Amino acid sequence: MAEVKEFTLPDLGEGLTEAEVVRWLVEVGEVVAVDQPVVEVETAKAMVEVPCPYGGVVTARYGAEGEELAVGAPLLTVAVGADASAPAAAEGSGSGGADGVVAEADGADAAGDGGAGETSGAVLVGYGTGAPPARRRRVRPTPVPAAAAGQVNGVASGYGRHAVTPEVPVRAEAAEPAPGPVPVISPLVRRLARQNGVELRTLTGSGPDGLILRADVERAIGAADAPAATAEPSAAAASAPAADAGEVRIPLRGLRGVVADKMSRSRREIPEATCWVDVDATELLAARRAMNAAGGPDAPKISLLALLARICTAALARYPELNARVDTEAREIVRLERVHVGFAAQTDRGLVVPVVRDAHARSAESLSEELGRLTGAARDGSLTPGELTGSTFTLNNYGVFGVDGSTPIINHPEAAMLGVGRIVPKPWVYEGELAVRQVTQLSLTFDHRVCDGGVAGGFLRYVADCVEQPAVLLRGV
């Protein structure tokens, strides 16, 4: 006999508690293999394909595309075992296009010995496969006449907010309880009915062969409470303000929600200050052209951002106070030996900060290569959580948006961020004469707890000197 197994959204790591369904990779009734990706979800940090640890027939999907699910919430159910094709056949008799559930398992239904089902050898964070628990005997549902089964328009999910609601009531108050076993598999459904005084024998199940699902019980409870709810609206609804017809409300969730929380925390905890300076970047641009010309036509090009990152790592070696964080509980400043440079990248999903690990140990060419790889991954949404965390200093090139200056918010829990404006030709006094030079503005936002203005000014001045005269960097080579 086939057994129905429920696969829940696993913990995807880095403390994430929810994910948004982006795209289903399987349909209800489709046969899946062990560890086959079944859904693509978007967390606050990356896009992830989630593999299913079971092999069999998909009997239900939970959550529509664009809906947010919590870690531990059901993703789908799979019928595994020799009779796995039976649930799929029953599903095919329902209305098309609905994500249905044909049975509700309580976690005790597991694969027995000798091929009752397939399980994954891989283990996701917070979700693993171990020895199967003892097998529980299942109650065979009684057949339902065709006329009664025809009353249900489609099948329903085991969770009310995902359900496809039948157009007719499923509770028959006047019907006599039918003899024989009640067609219920899940003890959760029985307990829900018992707690709310619902007689299961009076319900017509929406599952295959009249199986009573949790959604059926919830609809029966809702039908009984509907008159009272209509006559006496809740105080919360009465006190809710009327929505303006011109309002558009956008939920702060996913990546946007994480950015909002992090920025709010940064402004709440960090006493930041900003200093800035105009810089002649003509020589730096000339040095970049010379480096790329020396490498030949087939060599990878060195980006301007890579040169700026290399300058920042040299400046942090001189001013290590800014490669730090503050431990507020211990009331300590924690200086960090390794430099992991984050850089702000605007994507279709929002603002992300990929991280170049051990930037202090990389050459300009290595930095350029890694920055290019991470930028491409950010744009296609394939960055891993590990590539988006752990930065110790952030470089923000907002000049790509055509602006000159900014006072950026520090990327908590870092202590500083360097912003770079657009590089534009401007009149500039060069060697005692007025000339047209390529000028940009550098701004440094720093945590005033880790240092005073003298250190921050010294850091910014050194960066400016290296931009104006790249040969200054040779002193540290």
Side-chain angles (χ1 to χ4, degrees), residues 279-317 339-348 351-384 387-388 390-406 408 411 414 416-425 437-444 459-460 462-474 476-477:
V279 179
D280 179 5
T282 307
E283 297 299 328
L284 182 65
L285 296 178
R288 176 174 174 259
R289 287 194 297 269
M291 290 179 186
N292 289 332
D298 299 329
K301 302 300 181 184
I302 295 176
S303 67
L304 182 61
L305 190 64
L307 292 178
L308 291 170
R310 182 66 187 86
I311 291 172
C312 286
T313 59
L316 289 171
V339 179
H340 305 313
V341 173
F343 64 98
Q346 191 70 40
T347 70
D348 293 339
L351 181 68
V352 296
V353 183
V355 181
V356 179
R357 302 282 171 183
D358 294 317
H360 62 288
R362 293 177 180 266
S363 65
E365 186 173 339
S366 174
L367 284 169
S368 186
E369 182 180 356
E370 182 67 0
L371 286 167
R373 183 189 72 81
L374 292 171
T375 299
R379 287 172 179 166
D380 61 28
S382 61
L383 286 170
T384 65
E387 291 171 330
L388 287 165
S391 58
T392 63
F393 181 90
T394 295
L395 184 59
N396 187 1
N397 181 18
Y398 44 75
V400 296
F401 303 119
V403 298
D404 296 326
S406 174
N411 185 22
E414 297 169 17
M417 174 186 292
L418 181 72
V420 184
R422 61 176 179 161
I423 301 177
V424 293
R437 306 287 285 181
Q438 300 296 321
V439 178
T440 186
Q441 185 183 93
L442 303 177
S443 60
L444 176 70
F459 174 92
L460 184 58
Y462 179 79
V463 171
D465 290 344
C466 290
V467 170
E468 292 186 335
Q469 303 178 51
V472 173
L473 278 175
L474 294 177
V477 176

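Predicted, not measured: the structure shown is a model, and the values here were computed from it.
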Are F343 and V356 close enough, and set up right, to give a side-chain contact (heavy atoms from CB on, under 4.5 Å), and what steps lead you there? CA-CA 8 Å; F343 64 98; V356 179; 4.2 Å; yes

Just do the side-chain contact (heavy atoms from CB on, under 4.5 Å) check on V353 and N396 with the steps written out, would you? CA-CA 9 Å; V353 183; N396 187 1; over 6 Å; no

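More than 12 heavy atoms of other shown residues, nucleotides or ligands fall within 6.0 angstrom of atom CZ in R357. For Q346, the CD atom counts as densely surrounded, since its 6.0 Å shell holds more than 12 non-hydrogen atoms of other residues, nucleotides or ligands.
To the nearest 0.5 Å, atom OG of residue S382 and atom CG of residue L374 are 9.5 Å apart. Taking CD1 of I423 as the start and CG of L285 as the end, the distance is 5.0 Å to the nearest 0.5 Å. To the nearest 0.5 Å, the span separating CG on L284 from SG on C466 amounts to 9.5 Å. To the nearest 0.5 Å, atoms CG (L367) and CD1 (I302) are separated by 9.5 Å. Atom CG of L351 and atom CG of N411 lie 8.5 Å apart (nearest 0.5 Å). Taken from CG in L308 to CG in L304, the straight-line distance is 4.5 Å, to the nearest 0.5 Å.
Taking 4.5 Å as the limit, some side-chain heavy atom of P470 sits within range of a side-chain heavy atom of E283. Within the 4.5 Å cutoff, side-chain heavy atoms of S443 are placed close to those of Y398. L316 is not listed as a side-chain neighbour of Y462, based on a closest heavy-atom distance of 4.5 Å or more.
Listed for the T440 side chain is a donor-acceptor partner under 3.5 Å among the backbone atoms of G421.
The minimum heavy-atom distance between T394 and S391, with the atom names listed, is OG1-OG, 4.2 Å. Minimum heavy-atom separation, F393 to C312: CE2-SG, 3.9 Å. Of all heavy-atom pairs between L444 and A416, the closest is CD1-CB, 4.2 Å. The two residues V279 and V467 have their closest heavy-atom pair at CG1-CG1, 3.4 Å. Smallest separation of non-hydrogen atoms from A309 and L395: N-CD2, 3.8 Å. Contact between D380 and A377 at its shortest, heavy atoms only, is OD1-O, 2.8 Å.
Annotation: side-chain hydrogen bond (donor to acceptor under 3.5 Å, both in side chains) contacts involving residues 359-370, sequence neighbours excluded, comprise R362-S366, E370-R373. Identified under the side-chain hydrogen bond (donor to acceptor under 3.5 Å, both in side chains) test for residues 290-306, with sequence neighbours left out: none.
Every side-chain hydrogen bond (donor to acceptor under 3.5 Å, both in side chains) that D280 has, sequence neighbours left out, goes to T282, R437.
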